[in-house]
Amino acid sequence: MSKLYRFPGGVKLPGHKAISTSQPIRKAPIPDRLFVPLRQHIGSAAECIVEKGQRVLKGQMIGRVSDYVAAPVHAPSSGTVIDIQKFPAAHASSLPSDVIIIEPDGKDEWMQSEPIADITELDKSELRNMIRFAGIVGLGGAAFPTFIKLNPAGHQISKLILNGAECEPYISCDDMLMRERPHEVIDGAKIMRHALNAEQVIIAIEDNKPEAIAALNTLADEYDWLDVQGIPVIYPTGGERQLIKVLTGKDVPSQGLPLDLGMVVSNVATAAAIHHAIDHQQPLISRIVTVTGSGVRSPQNFEALIGTPMSDLIELAGGYTDDADRLVVGGPMMGITLKTDATPVVKASNCLLVQTPADHAGEAIIRPCIRCGECVKVCPVKLLPQQLYWYSQAKYHDDLQSHNLFDCIECGCCTVVCPSHIPLVQYFRFGKSEIWKKQQETLKADRARERSEAKTLRLERIKAEKKAQHAARAKKTAAGAGRKKEIEAAVARTKAKKAGDTGSAENATDNA
Amino acid sequence: MEFSQQQHYSPQTPAQASVSRVMLNVILALIPGIAVYIHYFGWGVLVNIVLASLFALLAEGLILAIRRRPVVTTLMDGSALLTGILLALALPSYTAWWVTAVGIIFAIIIAKQLYGGLGLNPFNPAMTGYVVLLISFPLEMTRWNPPLELAEQSMNLLEAFRYSFTGSLPQRMDIDMISLATPLDLVRGRLDMGFNLSQIRSEYSIFSNLSGKGTELINIAFLAGGLWLLYRRLIDWRIPAALLSSMLLISAVFWLINPEFYLSPVFHLFAGATMLGAFFIATDPVTASTTPVGRLIFGAGCGLLIYIIRSWGGYPDGVAFAVLLMNLSAPLIDHFSQPRITGYRERKS
Ligand code: SF4
Ligand code: SF4
């Protein structure tokens with residue numbers, strides 16, 4: 001056990017984890033239709049490379065990357081592409097993207113691929129490319145393309161931290177993964193460690209998951225570079241910055257990355273996905289999803305193909321209870337409510353939480369801020385949420401920025417403790433997007449202005465050049481007499497030289 | 001299945017705390033102190049509380065109705081009721097109903113609702129109301145009755161009500177019986193006349209081991225209620241801790257210099273409205289400082305000012321003025337005590 005630290009603020013929340021961990025991970029059957037969105041990650045959407053009617057194999061790439069920050073998508077099962085549609089994506093970026101609809105043929109026929117003999121032989125950038133082309137993104141919910149994180153970019157990496165904290169209530173997919181498949185996590189860790197040349201790997205797990213800690217510990221003894229570390233249960237200890245603080249006592253600089261401290265943080269499920277991609281050549285086509293909450297009859301974890309409709313998983317979990325009234329993707333603290341369950345599971349879908357009226361605040365009366373400072377106490381970034389709230393209401397964008405709105409990690413701690421039930425985070429998200437929008441507009445305006453300025457400059461330059469030409473011409477005529485002599489002299493010189501050296505004669509003409 | 005088409009935002013958790021619950025708990029925590037208060041100073045205390053609470057709810061409801069705000073849900077936040085009770089606790093035990101009413105009008109209508117209602121008032125409403133009364137009706141506001149154990153006569157509940165509404169005393173009593181000074185007042189008056197503390201103490205039976213008879217127990221009861229609030233984490237420890245320590249410190253310094261002229265730290269801590277002020281008045285979140293460091297400064301400032309006003313000011317107690325003065329400084333304190341944000345080496349200016 002190494003020394004642990006405390007991050008500021010945070011809240012203790014009821015875990016509600018046990019309701020979904022009593023049953024083992026269940027493999028969800030192949031659905032009738034698979035809906036694979038082309039954008040399931042942070043970055044540009046993948047570009048569709050299949051056509052309607054085309055047969056695809058399991059694991060075949062169907063959307064390719066056309067940008068650096070992007071991830072490809074693959075067919076989760078073999079079958080036929082029956083349509084490519086616009087689809088309102090209910091996820092991460094919340095931008096709509098096209099969806100490839102596949103009708104599986106039930107054969108689940110894999111694409112053939114070459115196994116890799118020894119990853120340590122591989123060039124590191126090649127390894128990163130393999131991870132990239134396997135479509136691997138952070139599975140903790142952020143869905144950032146993982147290969148980018150695995151590039152040490154000249155930094156000496158002292159610690160690779162695998163995040164198994166899973167600090168949001170209800171979610172248990174990482175817990176179940178670590179309990180049942182600890183070797184996958186560790187095999188993934190080996191590959192990531194190699195890619196980063198990391199000295200040490202720490203798997204950090206909240207103390208409320210003793211089974212997971214024990215399962216990993218039995219395997220971890222073999223490796224002297226690997227530590228399994230239990231950490232105190234407090235939300236949001238699984239936040240990247242908070243986790244680093246807890247494990248090392250260091251603060252990631254604002255606007256900076258863990259890389260600046262020589263550290264990389266990644267989710268345990270991402271490590272397992274990397275293991276599948278490299279050791280078994282299986283791209284990211286499935287994930288473990290927790291289906292839980294008092295609104296489903298039989299909460300449990302599923303291993304589901306990406307593209308499986310959420311309604312199928314709910315059905316498999318015994319269906320909705322009569323009083324189910326809210327569907328959340330992700331946990332209760334940072335998740336997103338959906339208006340319909342006719343939405344596919346994507347790479348970032350770690351949890352489907354079905355709530356009943358007792359589980360959420362419902363239409364709690366929002367009262368004025370009484371400046372109690374509870375929000376200040378719990379903010380893990382040490383912001384002043386109530387101050388930010390004033391500024392957001394007043395739309396004082398400059399004050400919002402100077403009070404570091406953009407350091408807000410949107411963890412929701414301030415909101416859950418607010419006795420006036422003010423939806424603070426919502427104000428902050430909105431404030432951020434407003435400022436972004438404004439910046440985009442200024443950027444556009446700036447570009448337009450630059451363009452028009454450039455145009456004016458160009459026109460002026462042309463004008464000036466013309467003027468200069470006129471002037472030169474005038475001068476020429478004026479200086480015509482004197483110049484004539486010079487020319488004659490030059491011509492004479494040239495003639496004289498021509499006899500000997502043609503090359504220098506050319507030069508002479510040029511100089512004249 | 002389709003769900004509500006209305007957009008809901010995370011966090012999606014049941015409400016953990018609510019303003020009404022906080023206020024209700026604060027009122028509950030006042031009960032031991034109130035009980036002891038009534039026990040020592042008679043039914044007039046209860047009459048004050050009942051009238052002030054009633055007036056406060058009426059005044060707030062009236063203004064809300066005029067401002068076209070939801071009356072019932074807003075009254076349910078409990079803040080008006082708490083203001084009423086706190087103001088009542090600052091009044092002399094036997095106060096005419098109209099004095100209470102004037103205090104409430106200032107507290108609720110002017111100090112609170114005219115500024116926009118709960119959360120927007122810069123000054124503690126109850127203390128504003130009290131100070132207005134103290135300045136407008138100095139005579140009525142400094143007429144205290146003795147603790148019951150020293151009183152020759154006292155009023156029952158009915159008589160107390162009748163006195164409040166008609167000003168008529170039961171025949172066995174006269175106005176002098178309820179026109180005494182508080183221990184703090186007495187000490188200051190006699191010191192000014194050149195007596196020293198030992199003389200004053202032996203001269204009057206109103207004093208007790210810690211401070212004044214009755215007063216000390218009332219303070220202990222409010223302290224107990226305050227500790228309970230701290231234990232329930234309903235108030236921040238910083239303000240009472242800083243207030244009491246700064247008071248302890250400054251009174252100890254002067255007391256060590258001249259124990260015959262300056263009251264002991266213990267006396268100060270358990271006299272007047274110290275504990276009520278420390279745990280229930282200065283902690284009013286709306287008007288106090290909000291940053292953690294700011295709250296320490298705020299509390300310490302209150303403690304110092306209470307001591308200064310008690311020792312050298314012209315009023316019987318310093319709590320109300322001290323709190324209002326610090327209310328005035330709270331925005332400034334907040335501005336200069338912002339916490340350093342994680343990931344910033346030094347504060348950006
Ligand atoms: S928790 Fe709510 S009421 Fe309290 S200061 Fe923060 S925003 Fe205001
Ligand atoms: S949501 Fe933002 S402001 Fe609120 S506690 Fe979290 S980081 Fe602080």
Trainee: One thing to verify: whether R371(A) and D284(B) come together as a salt bridge, which I'm taking to mean a side-chain N less than 4.0 angstrom from a carboxylate O.
Mentor: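 Not counted as a salt bridge, because no side-chain N and carboxylate O are separated by less than 4.0 Å.
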
Trainee: Against chain B, label V376(A) side chain, backbone, both or neither, depending on which of its atoms sit under 4.5 Å from a heavy atom there.
Mentor: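 Side chain only.
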
Trainee: Chain B heavy atoms under 4.5 Å from Q386(A): which part of the residue, side chain, backbone, both or neither?
Mentor: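 It is the side chain, since no backbone atom gets that close.
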
Trainee: Any side-chain heavy atom of M334(A) sitting closer than 4.5 Å to one from P11(B)?
Mentor: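 No. Closest side-chain heavy atoms not under 4.5 Å.
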
Trainee: With only heavy atoms counted, which part of R241(A) is less than 4.5 Å from chain B, the side chain, the backbone, both or neither?
Mentor: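 Answer is neither: R241(A) stays 4.5 Å or more from chain B.
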
Trainee: Using non-hydrogen atoms only, which part of D325(A) is less than 4.5 Å away from chain B: side chain, backbone, both, or neither?
Mentor: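 Only the backbone of D325(A) comes within 4.5 Å of chain B.
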
Trainee: Pair M76(B), R367(A) - check side-chain contact (heavy atoms from CB on, under 4.5 Å), show working.
Mentor: CA-CA 11 Å; M76(B) 293 282 279; R367(A) 295 192 187 278; 4.0 Å; yes

Trainee: Could you look at L13(A) and say if it's the side chain, the backbone, both or neither that has a heavy atom under 4.5 Å from chain B?
Mentor: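 Contact with chain B involves the side chain of L13(A) alone.
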
Trainee: Just so I know, are the side chains of P339(B) and L384(A) near enough to count as touching, which here means a heavy-atom distance under 4.5 Å?
Mentor: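 Heavy-atom side-chain distance check passes, below 4.5 Å.
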
Trainee: Under a 4.5 Å heavy-atom cut-off, does chain B meet the side chain of V328(A), its backbone, both or neither?
Mentor: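 For V328(A), side-chain heavy atoms alone lie under 4.5 Å from chain B.
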
Trainee: I'd like to check K382(A) versus Q338(B) (side-chain heavy atoms, cut-off strictly below 4.5 Å). Are they in contact?
Mentor: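 No; the side chains remain at least 4.5 Å from each other.
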
Trainee: What part of P380(A) gets closer than 4.5 Å to chain B, counting heavy atoms only: side chain, backbone, both or neither?
Mentor: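 Contact with chain B: backbone only.
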
Trainee: Given that the side chain runs from C-beta out, which part of K245(A) has a heavy atom under 4.5 Å from chain B: side chain, backbone, both or neither?
Mentor: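 For K245(A), no heavy atom lies under 4.5 Å from chain B.
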
Trainee: Which atoms of C372(A) are under 4.5 Å from chain B, going by heavy atoms: the side chain, the backbone, both sets, or neither?
Mentor: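 Its backbone and side chain both get close to chain B.
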
Trainee: Counting only non-hydrogen atoms closer than 4.5 Å, does V417(A) touch chain B with its backbone (N, CA, C, O), its side chain (CB onward), both, or neither?
Mentor: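 For V417(A), heavy atoms of backbone and side chain both lie under 4.5 Å from chain B.
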
Trainee: Checking heavy atoms, do the side chain of Y320(A), its backbone, both or neither come under 4.5 Å from chain B?
Mentor: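 Just the side chain, heavy atoms under 4.5 Å.
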
Trainee: Return the minimal non-hydrogen interatomic distance between L120(B) and W390(A), and the atom names on each side.
Mentor: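 Answer, listing the atom of L120(B) first, then W390(A): CD2-CH2, 3.4 Å.
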
Trainee: Between H421(A) (side chain) and V19(B) (backbone), is there a donor-acceptor pair under 3.5 Å?
Mentor: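 Pair absent, no side-chain N/O of H421(A) close to backbone of V19(B).
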
Trainee: Apply side-chain contact (heavy atoms from CB on, under 4.5 Å) to residues D359(A) and Q12(B) and explain how you reach the verdict.
Mentor: CA-CA 7 Å; D359(A) 298 329; Q12(B) 315 272 347; over 6 Å; no

Trainee: Of all the heavy-atom pairs spanning F3(B) and L327(A), show the shortest one and how long it is.
Mentor: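 That closest heavy-atom pairing would be CE1-CB, 3.5 Å.
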
Trainee: State, with a plain yes or no, whether a side-chain heavy atom of K377(A) is found less than 4.5 Å away from one of D236(B).
Mentor: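 K377(A) reaches D236(B) side chain to side chain.
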
